[in-house]
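Comments concern the structure below.
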Amino acid sequence: MQKNTLSKKRWLRLIPIAFITYSLAYLDRANYGFGAASGLAADLHITPGISSLLGSLFFLGYFFFQVPGAYYADNKSAKKLIFWSLILWGGLATATGLVTNIKLLFVIRFMLGVVESAVMPSMLIFLSHWFTKAERSRANTFLILGNPATVLWMSILSGYLLNSFGWRWMFIFEGFPALIWAFIWWKVVQDEPKDAKWLSRQEKLQLEEELLKEQQGMQEVKNYRDAFKSKTVILLSLQYALWSIGVYGFVMWLPSIIKAAPNMDIVTIGWLSSIPYILAVLLMLGSSYFSDKTLNRQAFVWPFLLIGAIAFYGSYLVGTSNFWLSFILLIIAGGAMYAPYGPFFAIIPEILPRNVAGGAMALINSMGALGSFLGSYIVGFLNGRTGGFGASYIFMAGSLFLSALLTIWALRGAKTPSKKKNFKVSA
């Protein structure tokens with residue numbers, strides 16, 4: 001009975017906080033595509049090539065500071081790091097609506113990536129300190145649901161804000177909530193269960209014992225350097241980079257793809273852009289539930305990536321001859337790309353000990369940022385160079401296909417703690 005009470009308290013108190021925090025982070029990185037499609041590029045005289053670079057520059061800043069952020073969160077305080085990140089990214093996002101100089105916009109986009117780089121690894125580390133192996137895929141999923149769920153409502157809200165107030169006020173309105181939320185985060189969150197006044201002593205002990213038990217049977221890994229040499233970590237880093245090419249090429253350029261259809265106004269674009277993310281939310285919840293139930297992570301990662309690749313390729317084959325069939329295939333591709341996030345980020349804490357798992361997740365996520373940079377830039381470049389979307393569909397389909405293959409290769413022979421025996425418990 002105590003264990004059920006504990007579980008309910010953690011889910012109800014921490015998961016909404018994690019979800020909202022990541023939602024605000026994602027809002028302030030993904031709304032650039034809407035601004036670019038609705039006046040920002042024209043007002044600042046930005047060419048399609050420069051617009052692609054600006055859209056992807058965020059991920060270059062995001063790439064460089066993942067591992068240092070994870071180290072600080074793991075060894076100091078995820079709570080403190082995310083608090084200051086919220087303050088800084090809220091200010092930078094709001095400042096985007098005030099720029100009149102393209103050079104300043106370059107700086108803001110890069111710095112926004114730097115500031116937000118700490119969020120994902122810090123939140124994954126934070127959740128791994130509060131949720132057990134049998135819960136972790138679902139906990140990760142509720143965190144990362146902030147991605148498609150935010151794009152869903154942001155697509156609709158941004159459409160109305162752009163239509164009513166213009167792109168400048170859209171950035172200002174959507175950047176300001178992070179500044180307020182920073183103080184709510186600081187008030188509500190504790191780094192470790194032992195610091196939580198809302199848990200009884202018995203509840204703290206139960207959770208700490210369960211988390212400690214998970215470390216039994218893991219092979220000792222001394223430091224980040226040794227973890228980064230792992231074949232599984234290297235392959236999953238490459239896999240996530242390729243996966244992110246598809247995801248962020250899709251996120252950044254979906255509004256422009258829809259805009260190319262006949263008779264599309266900005267509000268209609270906003271509504272249509274939200275549909276793939278409804279499917280994404282449903283698939284993420286389902287895959288994480290069954291992944292935790294079976295503790296089989298691989299089976300809920302690569303099949304979805306393969307489906308995404310096939311759907312992208314199918315959309316390419318249909319082309320402009322039938323917009324609605326092509327769009328339905330894009331909906332399937334978008335949903336399938338998001339479905340595996342929860343199971344995927346549950347893998348590393350199950351194969352690496354706690355002292356290095358956070359750093360490994362940060363390395364993988366940083367490679368995802370590099371893939372995101374390449375994806376959003378190359379997709380925009382191909383669209384501008386070819387005057388259509390066919391080449392970018394092929395590019396995203398190929399990236400997802402290779403990502404699916406790498407998932408199988410990376411996890412071949414990788415053992416979870418429940419399958420290992422007679423190893424030392426990591427310090």
Side-chain angles (χ1 to χ4, degrees), residues 11-12 14-27 30 120 123-124 127 131 134-159 240 243-244 246-252 254-255 257-258 269-315 324-347 368 396-397 400 403-404 407:
W11 289 99
L12 292 177
L14 299 177
I15 291 300
I17 296 292
F19 172 82
I20 293 171
T21 303
Y22 193 63
S23 292
L24 292 173
Y26 206 80
L27 169 66
M120 181 66 165
M123 293 300 289
L124 289 170
L127 291 177
F131 294 93
E135 304 167 320
R136 205 163 284 138
S137 180
R138 282 168 291 157
N140 291 344
T141 291
F142 280 113
L143 167 68
I144 302 169
L145 271 176
N147 177 325
T150 299
V151 178
L152 196 161
W153 63 260
M154 180 204 73
S155 299
I156 299 168
L157 175 64
S158 296
Y240 196 53
W243 178 4
S244 298
V247 171
Y248 283 93
F250 180 84
V251 169
M252 295 299 293
L254 182 63
I257 291 170
I258 296 173
I269 291 170
W271 277 100
L272 290 178
S273 296
S274 71
I275 295 174
Y277 302 103
I278 298 173
L279 178 61
V281 168
L282 296 174
L283 290 178
M284 287 176 75
L285 291 172
S287 65
S288 65
Y289 173 80
F290 288 107
S291 173
D292 275 348
K293 194 174 182 65
T294 62
L295 292 181
N296 185 342
R297 309 305 186 190
Q298 181 177 189
F300 295 93
V301 178
W302 71 263
F304 283 111
L305 298 177
L306 184 59
I307 290 169
I310 293 169
F312 263 130
Y313 187 67
S315 188
W324 291 109
L325 177 57
S326 178
F327 181 60
I328 288 170
L329 289 167
L330 282 180
I331 293 171
I332 294 170
M337 283 190 296
Y338 277 96
Y341 275 117
F344 178 78
F345 280 107
I347 291 169
M396 289 186 280
L400 288 173
S403 180
T407 306

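Nothing here was measured: the structure is a model prediction, and the numbers come from that model. For this chain, numbers begin at 1 and follow the sequence in order.
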Over all atoms of both residues, closest heavy-atom pair of A299 and N296: N-OD1, 3.2 Å
For the student: nearest non-hydrogen atoms of T141 and G342, plus distance: OG1-CA, 3.1 Å
Euclidean distance, I144 CD1 relative to S288 OG, rounded to 0.5 Å: 10.0 Å
Student check: side-chain heavy atoms of L127 and I15 closer than 4.5 Å: yes
Check: W11 and F131 side chains under 4.5 Å, non-hydrogen atoms: yes
Minimum-distance pair of heavy atoms, taken over all atoms of S244 and G368: CB-O, 3.1 Å
Heavy-atom neighbours of F327 CZ exceed 12 at 6.0 Å: yes
From L282 atom CG to Y277 atom OH, the distance as rounded to the nearest 0.5 Å: 15.0 Å
Non-hydrogen side-chain atoms of I332 and I310 separated by less than 4.5 Å: no
Side chain to side chain, Q298 and I347, heavy atoms closer than 4.5 Å: no
Straight-line distance of Y341 OH to S137 OG, nearest 0.5 Å: 14.0 Å
Salt bridge (Lys or Arg N to Asp or Glu O under 4.0 Å) partners of residues 271-295, not counting sequence neighbours, each pair once: R138-D292, D292-R297
Interatomic spacing from CG in L330 to CD1 in I275 - rounded to 0.5 Å: 11.5 Å
Minimum heavy-atom distance between S315 and S326, given as atom pair plus value: OG-OG, 2.7 Å
Test item: L329 and F312 side chains (from C-beta on) under 4.5 Å apart, heavy atoms: no
Set of ring-ring contact (aromatic ring centres under 6.0 Å, His included) partners for Y240, sequence neighbours left out: W243, F344, F345
From CG (N140) to OH (Y22), nearest 0.5 Å: 11.0 Å
Heavy-atom pair with the smallest gap, counting every atom of L295 and A134: CD2-CA, 4.3 Å
Where G308 and L400 come nearest, the two heavy atoms and their spacing: C-CD1, 3.8 Å
Heavy-atom neighbours of F19 CZ exceed 12 at 6.0 Å: yes
Distance in Å, M123 CE paired with I17 CD1, rounded so as to fall on 0.5 Å steps: 9.0 Å
Student check: side-chain heavy atoms of P340 and L305 closer than 4.5 Å: yes
Main-chain N/O of F300 paired to S287 side chain as donor or acceptor, under 3.5 Å: no
Side-chain heavy-atom pair V247, Y338 within 4.5 angstrom cut-off: yes
